[in-house]
*Asks:* 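Let me begin by handing over the structure; questions about it come next.
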Amino acid sequence: MSDSLGGSSLRPVIPLSDGELLDAYSQAVASTVQQAGPAVVHIQARAAKGRGGSGSGFLISPDGFVMTNSHVVHGAETVRAQTPDGRESRAEVIGDDPDTDLAVLRIDLPEVRHLRFADSERITVGQIAIAIGNPLGLDNTVTAGIVSALGRTFPSSTGRLIDNVLQTDAALNPGNSGGPLLDTRGRVIGVNTAIIPAAQGICFAIGSKTAEFVASWLIKEGRIRRGYVGVGGQDVSIHERVARFHQLRQRSGILVHTIEKGSAAEEAGLEANDILIWLDHEELRSVHELHRLLVLREPNRKSRLTVLRKHELVHLWITPRERAYE
C-alpha cells in the first residue's frame, strides 16, 4: 500500500498505553512547573498588633511587579516576599482592588522570572489546569486537574460579585491563594483565590483577562475608580435568529443571574435573565467589556442600558455609582 504523496508505505497507528498517556500528562505538568515555578513567590503580610497572614503571588513583569489576592495583603502595614531560591524583599503594595480580590505589589530583586497572561476567554472546559503556590517560601506546591466549569460567580469580600470565574478540580492547597493557575504552556489563565469557605477539593480562579486588566490600572493609578451597577452575570450567546431580527451586529451579551438589593440595577428595573447588550452606544459582548466601560467612564453618569428580555429589546436608564473602600 502506498500513500498519494510519494509512494511510501503507511504505518499502522499504535495506540498509546495507559502508562504512556499518564507519562505524557505528568511530563506536561512537570515541564510547566519547572518553567513557571521560579516566578511564584511566598508573601507574608503583617498588620497592626502583630496580626498577619500569608499566601502566594507571581511576578508579572521583569521589573518586579507581583500579582496576588487582595485578601492576602489588604490592610497590611508591612509585606515581604520570598522567591523559591530563598531571596527576600520588602514588597510595596502598589494597588489593591477588593472588588475583584486582586492586588499588585512590587519587589526589588534582580533577575526575576515572570509569567505571561493567556486569554481566559479562549479557555475551554476539559483543558488541563495547573495550580502553583509558594506557601512557605522555599518550594512550590502543585495541584493539577482540568477546567471543570466556566462563568462562575461568587461574592468578593466587599459583597460585589466576581464574574466569569474559572473552576477546576485542581485542589487549592493552604497558602496557595494568590498563586497562578496555568495552562500547559506556562501561561496564566487565572489567579487562584480561597475566599470561598466551601471550596474544598476544587479551585476557583479569577480569569486572566480580568486579572491583566485590573493589574494594568493598579500599576497606572494605584486604584480602580469604577462605576458599580449591582449585577452578577456571565457571558452568553445570542440566538442567531434573535440577533438577525433585531439587526444586532453582536452575537453575545451578559446574562443577568442576580441583582443586588438597593443597587442601581434594581432601581433601573433590571430583571434576572435579562441579557445586557448595550450601554449607551457601546456593545456589551462580555462581562469584561462591562467592567472595562465602568472603569473608563465617569461614575454617577446616567446611561441608557439596553437589554434583551424574552427576545424583546428593552431600554432602561441606569446610573452606575462609585464604590470606595478604606
*Asks:* Under a 4.5 Å side-chain heavy-atom rule over Ile, Leu, Val, Met, Phe, Trp and Tyr, are Val125 and Ile123 clustered together?
*Replies:* yes

*Asks:* Using the salt bridge (charged side-chain N to carboxylate O under 4.0 Å, His left out) criterion, which residues pair with Arg87? Sequence neighbours excluded.
*Replies:* Asp85

*Asks:* Report yes if some heavy atom in the side chain of Ile224 is under 4.5 Å from a heavy atom in the side chain of Phe213; otherwise report no.
*Replies:* no

*Asks:* Tell me every residue that passes salt bridge (charged side-chain N to carboxylate O under 4.0 Å, His left out) with Glu282, counting only those two or more places apart in sequence or in another chain.
*Replies:* none

*Asks:* Does His291 form a side-chain hydrogen bond (donor to acceptor under 3.5 Å, both in side chains) with Thr210? I'd like the steps, not just the answer.
*Replies:* CA-CA 9 Å; His291 288 171; Thr210 297; 4.8 Å; no

*Asks:* Do Leu313 and Leu308 have side-chain heavy atoms sitting under 4.5 Å apart?
*Replies:* yes

*Asks:* In a check of side chain to side chain contact (heavy atoms under 4.5 Å, CB included) between Val231 and each of Asp274, Leu270, Ile318, which one passes?
*Replies:* Leu270

*Asks:* Please give me the minimum heavy-atom distance between Arg301 and Pro320, naming the atom from each residue.
*Replies:* O-CD, 3.5 Å

*Asks:* Mind checking salt bridge (charged side-chain N to carboxylate O under 4.0 Å, His left out) for Glu267 and listing every partner two or more places apart, or none if nothing turns up?
*Replies:* Arg321

*Asks:* Mind checking side-chain contact (heavy atoms from CB on, under 4.5 Å) for Glu266 and listing every partner two or more places apart, or none if nothing turns up?
*Replies:* Ile259, Lys261, Ser263

*Asks:* Report all side-chain donor-acceptor pairs from residues 126-141 shorter than 3.5 Å, counting only partners two or more places apart or in another chain.
*Replies:*
from   : atom 1 : to     : atom 2 : distance (Å)
Gln127 : OE1    : Thr124 : N      : 3.1
Asn134 : OD1    : Gly137 : N      : 2.7
Asn134 : ND2    : Val40  : O      : 3.1
Asn140 : ND2    : Gly133 : O      : 3.4
Thr141 : OG1    : Asn176 : OD1    : 2.8
Thr141 : OG1    : Asn176 : ND2    : 3.0

*Asks:* Please determine whether a side-chain nitrogen of the Lys or Arg among Arg122 and Asp183 lies less than 4.0 Å from a carboxylate oxygen of the Asp or Glu.
*Replies:* no

*Asks:* Relative to each other, are the rings of Phe117 and Phe58 parallel, tilted or perpendicular (30° and 60° limits)?
*Replies:* perpendicular

*Asks:* Leu305 and side chain to side chain contact (heavy atoms under 4.5 Å, CB included): which partner among Leu284, Val314, Val229, Leu290?
*Replies:* Leu284

*Asks:* Should Ile275 and Val307 be regarded as members of a common hydrophobic cluster, given that ILVMFWY residues are connected when their side-chain heavy atoms come within less than 4.5 Å of each other, either directly or indirectly?
*Replies:* no

*Asks:* Mind running side-chain hydrogen bond (donor to acceptor under 3.5 Å, both in side chains) on Asp96 and Ser70 for me, showing each step along the way?
*Replies:* CA-CA 6 Å; Asp96 174 22; Ser70 168; 2.5 Å; yes

*Asks:* Could you pull out all residues at least two apart from Asp63 that satisfy side-chain contact (heavy atoms from CB on, under 4.5 Å)?
*Replies:* Ser61, Phe65, Arg106

